[in-house]
Amino acid sequence: MLYCGDYSVIILEGKLLYRDHKKLTSTEIKYTSNTSSYLYKIVVGSNNISFRDKYNDDIDFIRSSTKSNNSRIRCEKSNHGIVWDNGNKQILWKYIPQDNLTDLTPVWLYNPYYNKCLYAQPTKNAYVTYEECIDNKKYKWYFINIDGNTYFRSAAKENLCIKVIKNKIVLGECDEKAIMKYTKASKSIKNNNKCISGIDEKDDPYSQYDIRLSSCNRHDEKQMWEMISDISDIN
């Protein structure tokens with residue numbers, strides 16, 4: 001069990017549970033897409049975290065590219081969450097209670113050139129595209145900050161963020177590949193010094209509305225994503 005004062009995390013009857021000691025509530029943490037799994041223990045190594053069953057087989061597994069003897073699961077009291085800190089100031093897995101997003105406002109990521117918003121089906125590895133802006137959680141994002149790193153977390157699915165996997169922009173765990181920097185002046189979303197950009201021209205009848213990482217250009221309208229908190233502000 002990890003005890004964090006006002007809250008704790010425990011494994012009970014095969015489930016990973018978050019317990020709020022003030023509200024006296026218990027919430028299951030969805031750490032894997034395998035809904036039939038029975039969690040027995042969590043093993044933290046110098047460069048990995050493994051969720052294992054009673055046979056010591058991995059249910060789910062996350063690896064870091066670097067090793068550290070300080071790798072650990074710890075409390076993140078600023079948002080009442082828990083995180084896996086790989087010991088190198090990188091958070092590669094985390095859980096933040098949904099209630100602690102109530103003081104944040106979800107936003108649409110709106111591109112005026114396309115007159116569309118970033119969108120994704122709330123499933124792991126779903127592609128992020130741009131679509132007609134709709135008042136629906138699939139089109140909304142929380143811009144969150146954990147230990148100095150910022151992420152765009154889906155409003156439709158807890159613990160899924162915009163991330164880059166093999167140059168594809170998808171939804172996935174909010175780990176080091178999901179770290180995104182937003183620059184308000186240029187309205188750019190940057191990952192590893194490249195910017196999220198549309199591909200096609202706005203009037204392309206064959207466009208699939210795909211996005212990619214491109215060399216940053218503050219004059220490129222395909223790379224400009226405005227944070228909009230009220231859909232009525234989108235013309």
Side-chain angles (χ1 to χ4, degrees), residues 1-64 68 70-87 90-104 106 120-126 137-138 140-142 144-147 149 151-163 165 170-179:
M1 181 179 80
L2 179 66
Y3 181 78
C4 302
D6 292 340
Y7 62 98
S8 60
V9 175
I10 189 172
I11 298 173
L12 182 65
E13 297 181 348
K15 296 180 179 180
L16 186 60
L17 300 178
Y18 176 95
R19 289 180 164 177
D20 189 313
H21 302 159
K22 287 188 174 182
K23 297 180 181 179
L24 301 180
T25 58
S26 183
T27 304
E28 183 178 358
I29 298 175
K30 303 295 185 180
Y31 64 93
T32 180
S33 58
N34 183 353
T35 57
S36 63
S37 59
Y38 190 99
L39 182 64
Y40 185 72
K41 63 182 178 180
I42 300 174
V43 178
V44 178
S46 61
N47 70 334
N48 60 74
I49 180 173
S50 175
F51 301 87
R52 296 184 181 176
D53 61 21
K54 63 181 180 180
Y55 302 107
N56 210 35
D57 292 328
D58 290 335
I59 299 169
D60 216 329
F61 183 90
I62 304 171
R63 183 183 295 275
S64 169
S68 172
N70 295 320
S71 169
R72 70 195 191 281
I73 293 179
R74 62 171 175 80
C75 306
E76 180 57 60
K77 292 191 176 182
S78 63
N79 49 36
H80 286 235
I82 63 166
V83 301
W84 171 40
D85 183 337
N86 75 346
Q90 293 178 316
I91 305 304
L92 304 185
W93 179 85
K94 57 185 166 292
Y95 173 78
I96 303 171
Q98 194 68 28
D99 287 351
N100 283 285
L101 293 177
T102 55
D103 60 338
L104 297 177
Q121 283 289 339
T123 57
K124 189 175 179 180
N125 296 323
K137 287 185 177 181
K138 297 176 184 178
K140 297 181 184 180
W141 309 91
Y142 288 105
I144 60 175
N145 185 315
I146 297 180
D147 279 1
N149 293 321
Y151 308 80
F152 283 103
R153 172 174 160 177
S154 171
K157 186 67 174 181
E158 194 170 309
N159 280 350
L160 290 183
C161 291
I162 298 176
K163 68 183 299 182
I165 300 178
V170 299
L171 281 191
E173 292 94 350
C174 303
D175 56 21
E176 60 186 343
K177 295 180 180 178
I179 296 173

**Prompt:** side-chain contact (heavy atoms from CB on, under 4.5 Å) between S37 and F51: does it pass, once the steps are laid out?
**Reply:** CA-CA 10 Å; S37 59; F51 301 87; over 6 Å; no
**Asked** Distance from D53 atom CG to S36 atom OG, nearest 0.5 Å?
**Response** 10.5 Å
**Asked** S50 side chain to R52 main-chain N or O, any donor-acceptor pair under 3.5 Å?
**Response** no
**Message:** Testing the 3.5 Å rule here: is there a donor-acceptor pair between the side chains of N125 and T123?
**Reply:** no
**Message:** Counting C-beta onward and ignoring hydrogens, is there a side-chain heavy-atom pair between Y142 and P106 closer than 4.5 Å?
**Reply:** yes
**Item:** Test item: K94 side-chain N/O and C174 main-chain N/O as donor-acceptor pair under 3.5 Å
**Value:** yes
**Prompt:** For A155 and K137, which heavy atoms make the closest approach, and how far apart are they?
**Reply:** O-CD, 3.4 Å
**Message:** Just so I know, are the side chains of S68 and N86 near enough to count as touching, which here means a heavy-atom distance under 4.5 Å?
**Reply:** no
**Message:** With rounding to the nearest 0.5 angstrom, report the CG to NE2 distance, D6 to H80.
**Reply:** 5.5 Å
**Request:** Quick one: pull up SG in C75 and CG in L2 and give me the separation to the nearest 0.5 Å.
**Result:** 4.0 Å
**Fill in**
Here the gap from I96 atom CD1 to Y151 atom OH, rounded to the nearest 0.5 Å, amounts to 9.0 Å
**Message:** On a heavy-atom basis, which atom in L92 and which in E176 lie closest, and how many Å separate them?
**Reply:** CD2-CB, 3.2 Å
**Asked** Roughly how far apart are S8 OG and H21 NE2, rounded to 0.5 Å?
**Response** 3.0 Å
**Message:** Can you confirm whether W141 sits close enough to C161 that some side-chain heavy atom of one is under 4.5 Å from a side-chain heavy atom of the other?
**Reply:** no
**Request:** Take K41 and N56 through the side-chain contact (heavy atoms from CB on, under 4.5 Å) test and state the conclusion after the steps.
**Result:** CA-CA 8 Å; K41 63 182 178 180; N56 210 35; 2.9 Å; yes
**Message:** Given D60, which partner from the list I49, I42, T32, L39 fulfils the side-chain contact (heavy atoms from CB on, under 4.5 Å) test?
**Reply:** T32
**Prompt:** Short question: side chain of D85, backbone of G87 - any donor-acceptor pair under 3.5 Å?
**Reply:** yes
**Request:** Could you tell me which non-hydrogen atom of E76 sits nearest to which non-hydrogen atom of V83, and how far apart they are?
**Result:** CB-CG1, 3.9 Å
**Item:** Identified side-chain contact (heavy atoms from CB on, under 4.5 Å) counterpart of Y95 within the set V9, I73, T27
**Value:** T27
**Rounded distance [0.5 Å steps], NZ in K15 versus NZ in K30** = 7.0 Å
**Request:** May I ask you to decide if G5's main-chain N or O and Y3's side chain share a donor-acceptor pair within less than 3.5 Å?
**Result:** yes
**Prompt:** Take atom CD in E13; do more than 12 heavy atoms of anything else shown fall under 6.0 Å from it?
**Reply:** no
**Asked** Do you know the tightest heavy-atom contact between G172 and K163?
**Response** CA-CD, 3.4 Å
**Residue among Y31, Y38, Y40 satisfying side-chain contact (heavy atoms from CB on, under 4.5 Å) with I59** = Y31
**Message:** Measuring only between side-chain heavy atoms, which start at C-beta, is R74 closer than 4.5 Å to I91?
**Reply:** yes
**Message:** The test is side-chain contact (heavy atoms from CB on, under 4.5 Å); show your working for Y18 and T25 and say whether it passes.
**Reply:** CA-CA 8 Å; Y18 176 95; T25 58; over 6 Å; no
**Prompt:** With a 4.5 Å limit on heavy-atom distance, are the side chains of Y7 and P97 in contact?
**Reply:** no
**Request:** Determine the minimum heavy-atom distance between E173 and A178, stating which atoms define it.
**Result:** O-CB, 3.8 Å
**Request:** Search all heavy atoms of N48 against all heavy atoms of F61 and return the closest pair with its distance.
**Result:** CB-CZ, 3.6 Å
